[in-house]
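First the structure, in the form of structure tokens, and then the observations on it.
Note that these values count all heavy atoms, side chains included, but never hydrogens, waters or copies made by symmetry. Letters A, B, ... mirror the listed sequences (proteins, then strands); counts begin at 1.
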There are 2 protein chains.
Amino acid sequence: MEHQDYAGIFKALSNPNRLEIFLQLSRCCTPGTVCSKTDIDVRCVGDLGSGLNVAASTISHHIKELYRAGLINMRRSGQNVECWIDPETLHMLSGFFTSQGQEE
Amino acid sequence: MEHQDYAGIFKALSNPNRLEIFLQLSRCCTPGTVCSKTDIDVRCVGDLGSGLNVAASTISHHIKELYRAGLINMRRSGQNVECWIDPETLHMLSGFFTSQGQEE
DNA sequence: TCTATTATTCGACATATGTCGAATAATAGA
DNA sequence: TCTATTATTCGACATATGTCGAATAATAGA
């Protein structure tokens with residue numbers, strides 16, 4: 001989290017499908033924890049995309065965008081790629097709007 | 001704030017110039033307070049755009065987008081149009097990321 | 001080494017977005 | 001009513017974005 005490109009972060013969350021992926025990840029397990037079969041059987045493309053009606057390649061692309069924005073982390077695990085919310089970025093965002101609240 | 005289109009809100013904040021306008025508004029006065037000459041001499045197009053290097057029509061367009069997203073309010077005051085942050089939406093956003101923090 | 005499974009890369013393409021300048025609108029104050 | 005000031009609307013256009021399917025890559029397990 002060097003420079004914090006907030007516009008870039010918001011851009012990543014501006015697409016409904018991408019936001020949905022983000023929300024699913026934030027729901028399936030506590031941020032910082034890997035979301036994988038251990039918990040609720042969530043792997044990247046296959047499972048995150050199952051609810052959305054988009055091609056696997058599109059999911060892959062969206063996940064990369066979330067990763068680029070710093071919102072999520074990813075790691076290959078065998079044939080799967082596991083994703084999980086980046087807790088630091090989430091915390092930063094939480095503070096962003098809260099601090100805007102009381103002037104600044 | 002009926003339906004809360006978060007993706008739409010993030011889209012509004014995803015453009016650097018629009019984000020800058022939003023931040024200027026959140027700085028110039030406490031949310032809920034009108035930002036106008038009374039305080040720090042901030043009116044919409046003229047002043048909000050002065051820092052950014054874009055045409056007045058573009059600023060006007062961006063402000064409308066922020067308004068559509070529910071992030072700001074606006075009101076005509078003579079020749080000027082005054083803008084100010086919508087405190088409810090801001091509060092909602094603040095809660096959005098915070099609640100994502102602890103699973104949900 | 002071959003096959004199945006999962007994920008990514010790579011064009012391609014339709015649509016959305018950001019931006020401008022010119023024209024128009026809204027208002028205040030001679 | 002005329003003029004100046006501020007803001008918005010309206011094309012126009014270049015660029016960005018979301019999406020797909022086919023091809024390719026990465027891995028596990030016969």
Atom pairs under 3.5 Å: protein N/O with N/O of nucleotides 16-21 of chain C:
residue: C/dT17; atom: OP1; partner: B/Lys11; partner atom: NZ; Å: 2.8
residue: C/dG18; atom: OP1; partner: B/Arg18; partner atom: NH2; Å: 3.2
residue: C/dG18; atom: OP2; partner: B/Arg18; partner atom: NH1; Å: 2.9
residue: C/dT19; atom: OP1; partner: B/Asn17; partner atom: ND2; Å: 2.8
residue: C/dT19; atom: OP2; partner: B/Asn17; partner atom: ND2; Å: 3.4
residue: C/dT19; atom: OP2; partner: B/His62; partner atom: NE2; Å: 2.5
residue: C/dC20; atom: OP2; partner: B/Ala55; partner atom: N; Å: 2.5
residue: C/dC20; atom: OP2; partner: B/Thr58; partner atom: OG1; Å: 2.9
residue: C/dG21; atom: N7; partner: B/Ser57; partner atom: OG; Å: 3.3
residue: C/dG21; atom: O6; partner: B/Ser57; partner atom: OG; Å: 3.0

Please give, in whole Å, the distance from D/dA7 C1' to B/Leu66 CG?
16 Å
So which protein N/O to nucleotides 23-30 of chain D N/O distances come out below 3.5 Å?
residue: D/dT27; atom: O2; partner: A/Gln79; partner atom: NE2; Å: 3.4

Check whether any side-chain heavy atom of A/Lys64 sits under 4.5 Å from a side-chain heavy atom of A/His61, and report yes or no.
no
To the nearest Å, give me how far apart CG (A/Asn80) and C1' (C/dA4) are.
13 Å
Please, which pairs that meet side-chain hydrogen bond (donor to acceptor under 3.5 Å, both in side chains) have at least one residue in residues 7-19 of chain A, sequence neighbours excluded?
A/Arg18-A/His62
Do any N or O atoms from the side chain of B/Thr89 and from the backbone of B/Gly70 form a donor-acceptor pair under 3.5 angstrom?
yes
If the cut-off is 4.0 Å, is A/Lys64 near the phosphate of C/dT9, judged by side-chain N/O to OP1 or OP2?
yes
Holding to side chain to side chain donor-acceptor pair (under 3.5 Å), I want the full list of residues that pass it with A/Arg76, two or more places apart in sequence or in another chain.
none
When rounded to whole Å, the CD1 to P distance for the pair A/Ile63 and C/dA7 reads 8 Å
How does DNA chain D look in dot-bracket form if you count Watson-Crick and G-U pairs under 3.5 Å, write [ ] for pairs that cross, and put | where a base pairs with another strand?
||||||||||||||||||||||||||||||
Could you give the distance from CD1 (A/Ile72) to CD1 (A/Ile85), rounded to the nearest 0.5 Å?
7.5 Å
Check the pair B/Leu13, A/Leu13 against side chain to side chain contact (heavy atoms under 4.5 Å, CB included), reporting the backbone distance first and the verdict last.
CA-CA 10 Å; B/Leu13 295 174; A/Leu13 295 174; over 6 Å; no
What is the separation between atom CE on A/Met74 and atom C1' on C/dT6, rounded to the nearest whole Å?
12 Å
Can you tell me how far apart CZ (B/Phe96) and CG (A/Leu23) are? Round to the nearest 0.5 Å.
4.5 Å
Can you list the residues that meet the side chain to side chain donor-acceptor pair (under 3.5 Å) rule with B/Ser94, with sequence neighbours excluded?
A/Thr98
Pairwise side-chain contact, A/Glu88 with A/His91, heavy-atom cut-off 4.5 Å (strictly under)
no
Mind checking whether B/Phe97 and A/Phe22 have parallel, tilted or perpendicular rings, split at 30° and 60°?
perpendicular
How long is the gap from CG on B/Leu71 to CZ on B/Phe10, to the nearest 0.5 Å?
9.5 Å
